[in-house]
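Everything numeric here is computed off the predicted structure, so don't read it as measured data. Because only heavy atoms are used, hydrogens play no part in the values below, and waters and symmetry mates are left out as well, while side chains stay in.
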Amino acid sequence: MLVKDIMTPNSTSVRPGQTALEAWKMINQRQLIGIPVTDDDGTVTGIVSREEIINAGPRVTEGHVKVRDIMQREVYILKEHALASDAWTMPANVFPVVNDSGRIIGILDRSEVGHTLFKVASQKFQQAEAIMDSAHNGIVAIDKEGTITTFNYAAEKITRRKKSEALGHHLSEVIIPHGLLDILENGNYLSHYKFSVGYSSGTHTYLTNRSPIVENGQVVGAIGVFQDISEIEFISEELSSVKQLNKELETIIESSYDGIIITDRSGQIIRANKAHERITGIPAAHIQHMTMADLIARGVYSQSVVDTVIEQNGAVTLSELTADNNQLLITGNPVHDQQGEIVRVVINIRDISDLHNLKNQLEQSIALSERYHGELTQLRSKLIDQAGLVIKSIKMKKVMEMALQLAQVNSTVLLLGESGVGKEVVAKAIHKHSKRSSGPFITVNCGAIPENLLESEMFGYEKGAFTGANREGKPGMFELADKGTLFLDEIGDLPLPFQVKLLRVLQEREITRIGSTKPRPINVRIIAATNRQLEELVQEGKFREDLYFRLNVVPINIPPLRERRDDIIPLVYNFKKQFEKIYDIQKEFSPRVFKDLIEHQWPGNVREIKNVVERLLVTSTEPVIKSVDIPLNMTPSQRNEPHKVTVQGILPLKTAQMELERQLIGAAIKELGSTYKAAKALHVDQSTIVRKINRLKEKGLPL
């Protein structure tokens with residue numbers, strides 16, 4: 001931006017001897033901020049502005065004040081081709097502008113320069129922001145505190161976070177840092193770092209370059225540019241897969257126990273595998289220069305399967321007897337081009353005499369498999385008995401079989417099920433039969449620890465980390481569970497801010513104590529558990545999607561007690577023995593009590609049945625516990641009598657049906673808390689519940 005672009009044109013000037021009133025009239029007439037003062041030779045000797053005239057006061061109007069009395073004698077003259085920004089750095093507010101000949105051609109107001117420069121800067125900023133938003137690559141910049149200052153449109157798409165949700169927030173609250181925060185500490189440039197992120201739609205691969213932002217030799221921030229290279233990776237993998245597929249095809253053909261020959265439609269052999277060499281004795285390298293007619297002439301085959309395939313235009317199977325009295329089964333299959341013409345014939349040669357041997361081997365293998373299956377079942381039953389578990393139902397046996405299978409690996413396990421079904425018992429069984437059984441088993445109830453204490457309890461702290469901290473510091477749960485198992489119960493109750501930190505620990509396999517900058521590696525197996533629907537929490541934004549996928553490696557759904565009633569009586573006897581030993585009492589249950597206990601719905605599951613058994617043993621005064629001793633809140637009348645629908649008055653059948661649906665669905669959602677659980681209780685799909693709710697709203701019948 002040049003001076004001539006923003007100056008006010010003016011070629012007039014005043015002399016020092018003229019009155020200030022004359023200068024004022026010239027300034028107003030030409031709408032100038034000021035006017036140059038020149039001598040008799042036309043040389044600029046000063047400048048008089050509106051400000052000087054106004055400051056001179058009322059005397060100006062009397063015509064007694066001369067220009068020389070009020071003009072600024074220290075004047076800064078600008079040439080028309082000078083940069084406008086030069087005027088901003090000068091101490092004056094009004095500048096005469098001259099051309100290359102030195103003739104006055106205008107006046108420049110410093111405030112106008114400021115407005116113009118600000119406007120240009122704003123346009124440049126908008127252009128820069130538009131350029132960044134137009135970039136295909138995601139761009140994220142942070143200041144030295146880790147707060148996001150730049151977040152373009154591509155970053156929104158990649159991270160699935162809006163710019164309004166990112167700007168002004170700490171980087172770790174928005175996305176996984178992936179080393180960008182480390183740039184603030186070391187100031188090093190890191191390039192071509194590749195990482196993958198799993199979404200509900202699939203896994204995406206990103207390539208990122210991270211650079212420090214340096215001002216006056218100091219790192220004041222960092223910028224990360226990352227690109228979704230999933231498509232490039234896919235194309236690269238496709239090219240590699242084609243090569244690999246060709247190699248695998250070669251390997252498959254050569255690995256086939258049957259002889260394989262590929263010919264063209266004239267019978268010219270294109271290739272043959274080693275199995276054909278074993279069957280016929282002709283080396284594969286020699287046979288590729290022969291035709292099917294040559295093989296017939298040498299007595300290898302008595303007829304050409306290629307001619308028969310061409311004649312019938314379909315698959316053909318022939319039988320041949322070799323000189324060694326081996327029975328061969330020869331099958332020829334045509335390969336057609338896009339016009340339907342046969343261009344290749346694939347011939348498969350099988351020695352049928354080998355099938356008898358294979359049949360005998362198969363029968364032996366089946367017998368061994370059945371024996372091994374029986375031994376495995378017995379072994380699993382012994383392991384369950386050793387774990388001290390009371391299991392009778394098929395569903396729970398399958399759960400424990402899966403648990404014992406997972407005990408042999410270190411995969412993260414997510415235990416799902418209602419409160420009281422025995423999630424911690426299953427977690428302990430996995431730990432007990434794992435290679436980590438000699439290590440600690442630490443249980444953490446995520447819903448019982450206050451949010452402000454979560455980080456110190458889980459990660460520990462150094463001495464003097466905060467007021468009231470232990471002088472020697474304290475290890476966290478992750479350190480205490482090192483080389484063992486950490487059981488995170490009620491994982492769905494974790495607050496969102498801590499979920500970010502937990503996700504980083506699970507990814508990096510290291511923790512940093514509060515008050516420390518040195519990370520500590522950890523060797524911990526994670527088993528999480530919850531009685532909540534994590535998928536719904538993810539949809540509601542109450543649980544991070546990336547943490548959900550990190551925990552949901554191998555889910556185990558533990559059925560409620562009402563779905564495995566075969567376990568009720570064994571559990572009753574087990575708890576009965578425990579409490580008889582604890583309280584030194586001996587009592588029996590009448591058959592009616594067992595029937596009532598089996599018919600109860602057990603909303604509290606195993607925990608409830610344990611409490612009920614203890615209550616019956618300690619409150620009953622008779623040696624035999626009867627049905628009347630059962631607590632009132634689980635009596636048979638309340639437990640077995642189904643809910644009845646009572647109709648009062650006559651109304652249209654469709655109206656009554658909709659009203660019944662409204663009451664049932666409303667009551668189920670109010671009691672159970674979600675459409676998913678309501679659908680399960682009403683024995684319909686969740687989509688059916690949602691559809692009926694929308695229909696009721698359309699009819700003006702909200703829940």
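If you take CZ on Arg73 and OG1 on Thr45, they are separated by 7.5 Å, rounding to the nearest 0.5 Å. How far NE2 of His115 is from CG of Asp109: 8.0 Å, rounded to the nearest 0.5 Å.
Taking the ring-ring contact (aromatic ring centres under 6.0 Å, His included) definition, one finds that Phe95 meets it with nothing, sequence neighbours left out. In this structure, Arg161 has no salt bridge (Lys or Arg N to Asp or Glu O under 4.0 Å) partners at least two apart in sequence or on a different chain.
The side-chain heavy atoms of Ile511 and Met458, taken from C-beta on, include no pair separated by under 4.5 Å.
Heavy atoms of other residues, nucleotides or ligands lying less than 6.0 angstrom from OH of Tyr153 number 12 at most. Counting heavy-atom neighbours within 6.0 Å of Lys119 NZ, excluding the residue itself, gives a total of 12 or less. More than 12 heavy atoms of other residues, nucleotides or ligands lie within 6.0 Å of CD in Glu540, so this atom counts as buried by the packing criterion.
Of the residues listed (Ile77, Ile35, Thr38), the one engaging Ile104 in a side-chain contact (heavy atoms from CB on, under 4.5 Å) is Thr38, and it is the only one. Partner Ile107 forms a side-chain contact (heavy atoms from CB on, under 4.5 Å) with one of Val97, Ile27, Ile47 and no other, that one being Ile47. Remark: of the listed residues Lys518, Arg520, Lys474, Arg520 is the sole one forming a salt bridge (charged side-chain N to carboxylate O under 4.0 Å, His left out) with Glu462.
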Would you please test Arg513 and Glu479 for salt bridge (Lys or Arg N to Asp or Glu O under 4.0 Å) and show each step? CA-CA 10 Å; Arg513 287 186 177 185; Glu479 289 184 72; 2.8 Å; yes
Run the side chain to side chain contact (heavy atoms under 4.5 Å, CB included) check on Leu506 and Leu551 step by step: do they pass? CA-CA 9 Å; Leu506 297 182; Leu551 294 173; 3.8 Å; yes
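Residues Ser411 and Val554 approach most closely at CB-CG2, 4.2 Å, considering heavy atoms.
By the 4.0 Å N-to-carboxylate-O rule, Asp40 lies close enough to Arg15 to be salt-bridged with it. Salt bridge absent: Arg532 and Glu490 never bring a charged side-chain N and a carboxylate O closer than 4.0 Å.
A tilted orientation is assigned to the rings of Phe459 and Phe478, their planes being inclined by 30° to 60°.
Between the side chains of Arg50 and Asn28, at least one donor N or O sits under 3.5 Å from an acceptor N or O.
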